[in-house]
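These notes concern the structure reproduced below.
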Amino acid sequence: MARMSVEKFFAYYGENAALKNVTLEVPDQQVLALIGPSGCGKTTFLRSLNRMNDFVKEFSIEGLVTLDGVDIYSPDMHPVVLRRRVGMVFQKPNPFHKSIFENVAYGLRIQGIRAKSVLADNVEESLRSAALWDEVKDRLNDSAFSLSGGQQQRLCIARALAVEPEVLLLDEPASALDPISTSRIEELIQDLKTQYAIVIVTHNMQQAARISDQTAFFLLGEMVEMGETSRIFTNPSDPRTEDYITGRFG
Amino acid sequence: MGNEKKGSLSLFRRVRTVLLGFLTLAFFIVAVAPLLLIIWTAWDKGKSALNWSFVSTLPTGFPVGSQGGILNGIVGSIILVIVASSLSVPAGIWAGMYLWEEGTTPLARLIRLLSDLLLGVPSVVWGVVGFYVFSTSTGYGLHWGFSAMAGGLTLGFIMIPIVTRVTEQALRDVPLTFIEGSFALGASRWQTLKSIAIPSAMAGIGTGILLGVLNVLGQTAPLIFTNYYNTGVPSSLVGSQGAVGDLAMQIFIYIHEPSEILHTKAMAASLVLLGIVLFIDIGIRLMTWGSRKLYARVG
Ligand SMILES: Nc1ncnc2c1ncn2[C@@H]1O[C@H](COP(=O)(O)OP(=O)(O)O)[C@@H](O)[C@H]1O
Ligand SMILES: [Mg+2]
């Protein structure tokens, strides 16, 4: 049932180990929340799942990460193909300097899809999935920067959905947003998990408790424990987890 | 301190603000004064020669130029800019993209170092090299004589490192979040460069081309050995009929003639050159702005 699996994974920035011996599985059609104090390696972990760290100088890894059983760091998986299957939404909304339509169509165009009707259908479907269609359907040719922050982030989600990924990685997607936009994104994640494996990094304990099925707690580059969200929040097995979720540090 | 009025700046800060204002104004005047002086002098001394036939006829009379206009210089400068740009714009943009992509590889470092060294080569040295490569009629080289091709390509080589450097910097200024957003959707490096980085960097690249073109328009030293000057318009780009007039060279030559009329015409020609600079500046801005719009649509 695991979509991706990570075994004995180490990540280094130069000499510094940012992740130490992490082993976990990303379940399909569920939301996995990654929690832990700032700097514990959540973003590094997330970006290791779609090889976005390849662009970071001096970054290196050890261990095994697989997608449907294939080692994603092996020559059997081209990073470009990997990133189409494992989509990502960043902490700060980062739409392109293009129209709303072209932002969503971008991932399709780079795959060589040119037919207008195919693009239009896909863009509409993706915007609907991201719960943005009704707000933008009359202004698809406007700049993406004419949207509010919350709308921009949903546009980035739509953009990621358009390439039909299997896994969706979200790095604190609501941390820069107001409460109303945040709750819209949370609802959206609930809807999306029926189709995708979702991994979300969050700072917010309540958010993790509300939206996730599984929770993994990271501390100083190690994964302390992972389990059903309800159990992690009511009956954690590691005292460090309990300290963190009860707010005793971090 | 305690009963200081809220909302009013302390005396020190007010004095500082005023002082900074004066300094800014002083620097502004120091920076702009020479430009205004040049324009004013050129206008004052040259305006009597400015009329339509000045820009639409070739120089005649004795000494040459005492009658007629500067059409040879205008046509020649345009030809030189076109030849120089045809070499340096593609080569410079390509090199800039390469440096952006490859960043820190040894070859990229070497190219960057060479490009910086080239920026420092005196233009007269370029002229001598251009002579041996393009113009000389003996030994190795292309044997193109004093010609637009020889002069233009020499100027083009001077322009390459400028375009390269500015292109690379403009690409580096594109926020990483856009680049990563593109990669995260499964775009290749080339697609990211073409569809995201270049359109965002277009204004900066346009500035680079502009700097290069303006530099070319002002150069005379490299032309002395590769093109020199022609009082007519060329019938070919290479060979004995291939030399062109050139505004900067024309001004240089006229100023050195002991002739009041030619001095006046040199000033008028400077005004025309300034006008062309302004025209190209606006043109390049419009072009980069237009292509950015275009790219924004086609993805
Ligand atoms: N690009 C980088 N270069 C060097 N060190 C980095 C880089 N990104 C993150 N780190 C380090 O790796 C550790 C984990 O960071 P990160 O994954 O961003 O944590 P989190 O997302 O949990 O806040 C931190 O100590 C951070 O300083
Ligand atoms: Mg982070």
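Reminder, nothing fancy here: chain letters follow the sequence lines and each chain counts from 1. Keep in mind the model is a prediction, meaning the values are calculated, not measured.
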Residues, nucleotides or ligands: over 12 heavy atoms within 6.0 Å of Phe157(B) CZ: no
Nearest atoms (heavy-atom pairs only) where Ile110(A) meets Gln191(B): O-NE2, 2.7 Å
Proximity of residues 124-133 of chain A to chain B, residues having a non-hydrogen atom under 4.5 angstrom: none
Smallest separation among heavy atoms of Thr192(B) and Tyr106(A), with atom names: CA-OH, 4.0 Å
Chain B-proximal positions within residues 146-169 of chain A [heavy-atom distance under 4.5 Å]: Arg159(A), Ala160(A), Val163(A)
Residues in residues 172-188 of chain B near chain A [non-hydrogen atoms, under 4.5 Å]: Thr177(B), Phe178(B), Glu180(B), Gly181(B), Ser182(B), Phe183(B), Ala184(B), Leu185(B), Gly186(B), Ala187(B), Ser188(B)
Side chain to side chain contact (heavy atoms under 4.5 Å, CB included) partners of Pro106(B), counting only residues at least two apart: none
Contacting moiety of Pro79(A), where chain B heavy atoms sit under 4.5 Å: neither
Most chain B-contacting option - heavy-atom pairs closer than 4.5 Å, from Met88(A), Arg84(A), Arg85(A), Arg83(A): Arg83(A)
